[in-house]
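Following: one structure in structure tokens, then a few remarks.
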Amino acid sequence: MAYFMGIDIGSGASKGVVTRDGELLACHLLPSGVNYRVAADKLRAALLARTNISAEDVTGTVATGQGAANVLFSHQQVTDIRSCARGINRVFPSVRTVIDVQAQSSQVIRLSESGQVTNFAVSEKCAAGSGRFLEVIANVLRVELEAIGPLSLKSRNPVTFTTGCAVFGESEAISRVAEGNAKEDILAGVHKALADKISVLMERVGLETDCAISGGGGLDVGLIRSVEENLEVELLVPPQPRFVTALGAAIMAEELEKEKD
Amino acid sequence: MTPGKPLYFAGIDLGSTMTKVAIIGADEQILARVEAHTGAEHRRLANKVMEQALAQANLPFNEIACVVATGYGRINVPFADRQVTELTCHARGIASLFPAARTALDIGGQDAKGLKLKNGKLTDFVMNDKCAAGTGRFLEVTARTLGLKLEELGSLSLKSRNRVKISNTCTVFAQQEVISRLSEGVPLEDIVAGLHEAIASRAVGMLRQLKIEPAVVFTGGVAKNSGVVRAVRENLGGEVLVPDDPLISGAVGAALLGKEFTLKAREKGETVPRKERRLTEATFFG
Amino acid sequence: MAETGLNRAKEICQDRAVSARELKAGGRKIIGYLDIFPVLEMMTALDLVPYRLLGDINEPITRADTCLPTVVCPFLRSVMDLGLKGKYDFLDGVVMAHGCEVSEKTAHIWRIYLDPPYAHFLDTPHTTHPSARQQFKALLKYFKETLEVFTGKELSTEKLREAIRIHNRQRALVRELYHLRKPDPPLVSGVETVQVLIALASLPVAEGNELLRQVIGEVKQRKNGPPGKPARLMVWGSIIDNTALIDLMESIGANVVMDDTSLGSRAYFPPVEPTDDPLDGLAHRYLVALNSPRTFRETILNKINKKDYLTDLENRFGYLKDYAREWSVNGVILQVLRYCDIHGYEVPGLSDYLDHIGLPGIYLEHDYGKAALAQLRTRVQAFLEIIG
Amino acid sequence: MAEEKKKRVINRLKTMYPLRALVDGTYEKAIAASREGKPVAWCMVNWWGGDAILRAMDVAAIYPEDYGAVCAAFGAAPAYLASADADGFPTHMCGYARNCLGYAAQMKESGDIPPEAPMGGMPRPTLLLGSGYFCDTRYKWFQSLGRYLDAPVWVLEMPHPGVKESRLKGAREHDISFLVAELEGFISFLERLLGRKVDRDRLTEIIDDTIEMNRVWHEVNELRRAKPCPMHSRDFWSSMPAALYMAADPRVTAGLYREMYDEVKSMADSHLGAIPEEKYRLAFAELPPWHSLGFFNQLAERGWNFVVESWAYHPPKPIDLTRVTNPLERIASLTYQYFTGYFEDAFATGDWWGYFAHPYLELAREYRCDGIMLHPLLTCRTATNHLMVVQDQLMKKLKVPSLIIEGDIVDLNLFDPADALRKAETFEETMSHYRKVRQAAGLAW
Ligand SMILES: Nc1ncnc2c1ncn2[C@@H]1O[C@H](COP(=O)(O)OP(=O)(O)O)[C@@H](O)[C@H]1O
Ligand SMILES: Nc1ncnc2c1ncn2[C@@H]1O[C@H](COP(=O)(O)OP(=O)(O)O)[C@@H](O)[C@H]1O
Ligand code: SF4
Ligand code: SF4
Ligand code: SF4
């Protein structure tokens, strides 16, 4: 019996999964904090504890995400674009396009029926194009991240942001509140702004259905609705969108092992 | 306005971060200067700042011959007789403080500007107001992240012997970089110095779109930060003049322009149309 | 209220496609053209309606991202975007020229992705060398040929002469309209002028002439023209195919009284001179007489083998000095769309020239979007304060 | 230069060095000529024989485009770019042009070659030879130099072949006679400027040598179809300027290309590749990031071999010109061939989008490429305009994927190596995937 581990060190959160015979056994998430190495070690310890196995039982580990280089115990590092494609392929084999919204960037990935990346586009290094924009606004509105989606759905009158910058957007949101705009309208405005950025990426790679959303953005029903409206497509949402990339990494660890044989 | 009676002029600079008011007399002496946070909640309090300035000058509002508003909230000040852009006002204020000034850099909360001056007047300018990187907001966010006061950043960074390079341009992501550098044990002052360098090199890069001629003046709230001032000097490789109160130049310029408008109108036997001298709140999205 | 010419122009301008579809329903064939180098007379002579391709500043560019990169000027990307979105589906063909390098590229990309029944690319030399003039005339013959094949009709010299006459008429009328901007305050505002120009770009030339006559008549009569303002501006640079930018200037204390852009004076001022072979007159007008910075003009060398910078500037920009004098301009806006090379390269030289003749100018680079325009407001206002 | 790693993964050709030295030497030669009071021209790449005419008239020619790449590689560009910025040239314009404008500004200010100019610098020109082809920059740039230089500008005009309209009856003949007329026009301009006549016999000789030089250089590149490919793009870029910017007597250059031919041939015969293990074969479009060429070493470590570049930097496909008697017509015909030879078949197969994507399809097929790396430039539209079409057509017709890495030729701030590497790594999977797809579709590689 072989166990495999996928470790995804994201800019905000570190996610890890353990698989056995292609089955997902356990997953775990913790904040990446400032020391990715520590996060990676803690994540492994937690995963081992959950599955009740020891480090030696793990046949292969693949690390991914922006902090992948800090996962000293991994056997290989792969880009999160690849592992996200693999992961979504396992969850929804019919998916040909996946929108991955993380804290640091958004990306649109096209993939083959076997989960290989066939095309991709990544957002610029600007917080206004990533999940971080939502965090920033949620924070100033004093709304829990979990609540922003449902709240945004209630909006009837989304505001239009006059700036394309997350930082100025923050002050604008504050002023809007002081002006008497409803929080849901402000949130819906941010969701729309981010969805527009995603549409631009989508134009570049071309949409092929089925289409799914992964990453932390997949937890946000407000964002999902905005993207669906923009692209005029229904999005498949995996049960645990934030673990898709880590799952993909574990799958790649399995593949690596098979290649050896 | 009865002739012979002393004339007073007020300038109000409603910035994104700070609201500044200056009141001057006909002799251009500054009789009052007040600076307060603009902040979202406080923004309606522009009238309060004006009130404080009037108290400082010991004048009833009615005595002010002309009120000129500037800054990015200038359109929303109901009691201002005229609105003038911050570019023109800063130029005028800077020229009155430093008659030799030919080039000026102004970094405020929401934008960075480069000005060219000739004979005390604005002749050319450049502006960055699209991205928070390179503006005062970058430092505000940093201070918040580090739990420091804005005022502390400057002197702290001057202690640095080995500043770090901040690789993220985006303000938001740079904050994260700051945190991870800290956790790596990089001394605080080296990080702050790195941030100052980032902001200075960006601003100077923008300023270079104008032909830089001495004397060069550095104003705006960020010029209060001695670390950025040093970094700007290094980047320019030359002397940079900083006024004692770098915040006020826009408001002073606005007041000076108020005087000019009034005198010009008088020459023609006219008066500058006056708004009601009532201290009502400013609005936002006018 | 009786329909005035200005109102009609405004209406056409609000939805350009309406008039096109009406024409189409009436059995006319409509040919889209880009920029000012396709020779309109040839189309008019064959009873085709030349219809200028313009962008839409209010429509976010999305589809064009798949085939034109973002480093292409946003005007062309907008044009392409509208094409891909089917907003030009009433066209029977397109003619594009080698105006600037990117418009040349757009010509091919349009053909690849939209494959219209008729398409012609008219190469346009960059110099006015004698050999280039000959070349251009030869290229006009090819253009004539493909038009004849497309329409199945012969383009006779008489018809061409007649078309030249009626286009020249339009040019004269536009000049007349521009004369009405000379008084202070001008009789017609900058925004109104743009509306008329956009309408002209959407109508058959004869109808355009009618509209112009009507507008000129009523503008001369009216009492409620634009108010006097301290600044009289001339706008130079990349194409302005919408009212937003001019509106911004006129809403903060300026009258825009003159332009040097390709939807405005540049497109209309030079007439076609009569020649034995009308193709000669046309070739001369479109290659030599049209004043666009996309055409390179050598500064003639005298005995000394050195170029004199000021003489060169005078040769290139002297006409702007005349415009400024005739229209009593006291400030020039040098506006360039981001990524427009043709106009971008001119900026320092033109600024030098304006300095030399003592006319203030300011350079504005913009993105062709309503939101982006808002950020120009402070800049324009500061300029008005500088000249005020 | 800075980033070049110690470990050299790419096996550089020995015969490349003298070709590179030839180009580097032009700066010194031009300075010497200028000191002796001889005329110097700053020129754009002028395929159609402007170079031959200059050489026949003993005018030393240097190429500010090449100098832009030199300044980028030496790290001298930022200071020149800043000067151009300061003078108000918009930053979205060509990096080469802004580099040169800044250089000229500094030259005007100091009255001489700027002190830290790489390769000794470019001496003050007697004339500027601009070009009406490829991009608007290539004549607007030289026109703008009037701010700093008093040299007259001549623009050599080009027709625009390679489009559907250039296939109309008689158009080709017309275009070629236009080219010849333009060359004659340039000759008379030069004769007026320099006050002497061109030696027509010498001109004929140089033209014939040029044609031969291009032929040999073409043959060298044909050898790169070998698997593994013995010559990496980096060698191509180092040796291309000798032909592209007529760096020396074309007869000498032809000799050096012949030596290169021998070296590449012997490597191909013994199945030696330019990198240790060729896992992926790539084409490159268009201009490389001159400031970060070390990046290709990192890719070479991963098994990426760059086997061919876009047609625009390659010599024209050889044609038989023996029956053309007028030498100017010979060079004009070769020029015409350059602008049409790579897409002749585009029209034959019913497609008429000419030079846009067709040559890339052909290269991908002939050089058996697994992918193409597209380098859209933020400051150059010419090298960027068509790339999305290229990407689209390569995928639709040949199932060859494209990797897009944005950057710039001169401004290194616009290139992010870490991000580029992340994209490249992902792209390996894409290339492997499409290998299988092509196989399934019955494509040969
Ligand atoms: N509970 C939640 N509800 C809505 N959005 C969420 C939630 N949790 C996280 N997000 C979004 O997901 C983003 C983080 O996504 P993630 O994929 O974990 O990024 P990273 O891997 O970079 O840390 C946040 O910026 C936020 O936008
Ligand atoms: N005491 C201080 N020390 C250091 N920096 C300061 C201080 N006060 C203000 N600042 C900086 O100045 C900026 C505000 O500058 P200001 O010129 O008033 O801008 P605005 O006109 O947009 O309000 C703040 O963002 C902050 O970075
Ligand atoms: S615009 Fe704002 S969010 Fe975007 S990079 Fe700049 S600072 Fe960051
Ligand atoms: S605006 Fe400039 S780039 Fe765009 S079409 Fe006109 S000349 Fe060409
Ligand atoms: S092709 Fe591009 S890089 Fe070359 S000169 Fe033109 S704009 Fe510059």
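Here is the naming used below: chain letters follow the sequence lines, and residue numbers restart at 1 for every chain. We use all heavy atoms of the structure for the numbers below, so side chains are in, but hydrogens, waters and symmetry mates are not.
With rounding to the nearest 0.5 angstrom, the CD atom of E165(D) is 8.5 Å from the CG atom of L122(C).
Between Y139(D) and H126(C), the ring-plane angle classifies as tilted under the 30° and 60° cut-offs.
Put simply, the side chain of N385(D) reaches to within 4.5 Å of the side chain of E101(C), judged on heavy atoms. Looking at R381(D) and D341(C), their side chains come closer than 4.5 Å, going by heavy atoms from C-beta outward. Contact check for V71(C) versus L377(D): no side-chain heavy atoms found under the 4.5 Å cut-off. With contacts defined as side-chain heavy-atom distances shorter than 4.5 Å, the pair K164(D)/R111(C) qualifies. For the pair I112(C)/Q393(D), a side-chain contact is recorded, criterion being any heavy-atom separation below 4.5 Å from C-beta on. With a 4.5 Å cut-off on side-chain heavy atoms, W154(D) and E298(C) count as touching. Using a 4.5 Å cut-off on side-chain heavy atoms (C-beta onward), K169(D) and E145(C) make no contact. Residues F356(D) and K105(C) are in side-chain contact: their nearest non-hydrogen atoms beyond the backbone lie under 4.5 Å apart.
Both the backbone and the side chain of H120(C) come within contact range of chain D, judged by heavy atoms closer than 4.5 Å. Neither the backbone nor the side chain of T124(C) comes within contact range of chain D; no heavy atom of the residue lies under 4.5 Å from a heavy atom of that chain. No part of F143(C) comes within reach of chain D, as not one of its non-hydrogen atoms sits under 4.5 angstrom from that chain. Contact of Y133(D) with chain C is not made at all, since no heavy-atom distance falls under 4.5 Å. Neither the backbone nor the side chain of C73(C) comes within contact range of chain D, judged by heavy atoms closer than 4.5 Å. In this structure, chain D has a heavy atom under 4.5 Å from the side chain of D123(C), while its backbone stays farther away. The parts of P293(C) that come within reach of chain D are both its backbone and its side chain, each placing non-hydrogen atoms under 4.5 angstrom from that chain. In this structure, the portions of R294(C) lying under 4.5 Å from any heavy atom of chain D include both its backbone and its side chain. Residue contact with chain D, scored on non-hydrogen atoms closer than 4.5 Å, involves the backbone and the side chain of Y339(C) alike.
Here the closest non-hydrogen pair linking M93(D) and G344(C) is SD-C, 3.5 Å. Minimum heavy-atom separation, L101(D) to Y345(C): CD1-CE2, 4.4 Å. Counting all heavy atoms, side chain and backbone alike, D150(D) lies closest to K306(C) at OD2-CD, 3.1 Å. The two residues A171(D) and Y142(C) make their nearest non-hydrogen contact at N-OH, 2.9 Å. In this structure, G146(D) and Y309(C) approach most closely via the heavy-atom pair O-CD1, 3.2 Å. Summarising the geometry of P69(C) relative to T384(D), their closest heavy-atom pair is CG-O, 3.5 Å, with the distance given to 0.1 Å.
Of all the listed residues (L378(D), T126(D), T379(D), L387(D)), the one sharing the greatest number of non-hydrogen pairs under 4.5 Å with chain C is L378(D). Taking chain D as the reference chain and counting heavy-atom pairs below 4.5 Å, the highest number among P348(C), P130(C), S131(C), S351(C) is found for P348(C). Contact count against chain C (heavy-atom pairs under 4.5 Å) is highest for V153(D) among L149(D), V153(D), T91(D). Taking chain C as the reference chain and counting heavy-atom pairs below 4.5 Å, the highest number among T382(D), D87(D), D392(D) is found for T382(D). Between chain C and the options G170(D), P90(D), G88(D), the largest number of non-hydrogen pairs under 4.5 Å is found for P90(D). Per-residue counts of heavy-atom pairs under 4.5 Å with chain D were compared for I109(C), V336(C), V347(C); the largest is that of I109(C). When L310(C), D312(C), I342(C) are compared by the number of non-hydrogen pairs under 4.5 Å with chain D, I342(C) comes out ahead.
Side-chain N/O atoms of H160(D) and E104(C) include a donor and acceptor closer than 3.5 Å.
Between F178(D) and the choices Q134(C), Q135(C), H129(C), the side-chain contact (heavy atoms from CB on, under 4.5 Å) rule is met once, by Q135(C).
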Practice prompt. Could you walk me through whether E346(C) and Q143(D) pass side-chain contact (heavy atoms from CB on, under 4.5 Å), step by step?
Written response: CA-CA 9 Å; E346(C) 302 291 273; Q143(D) 188 175 42; 3.7 Å; yes
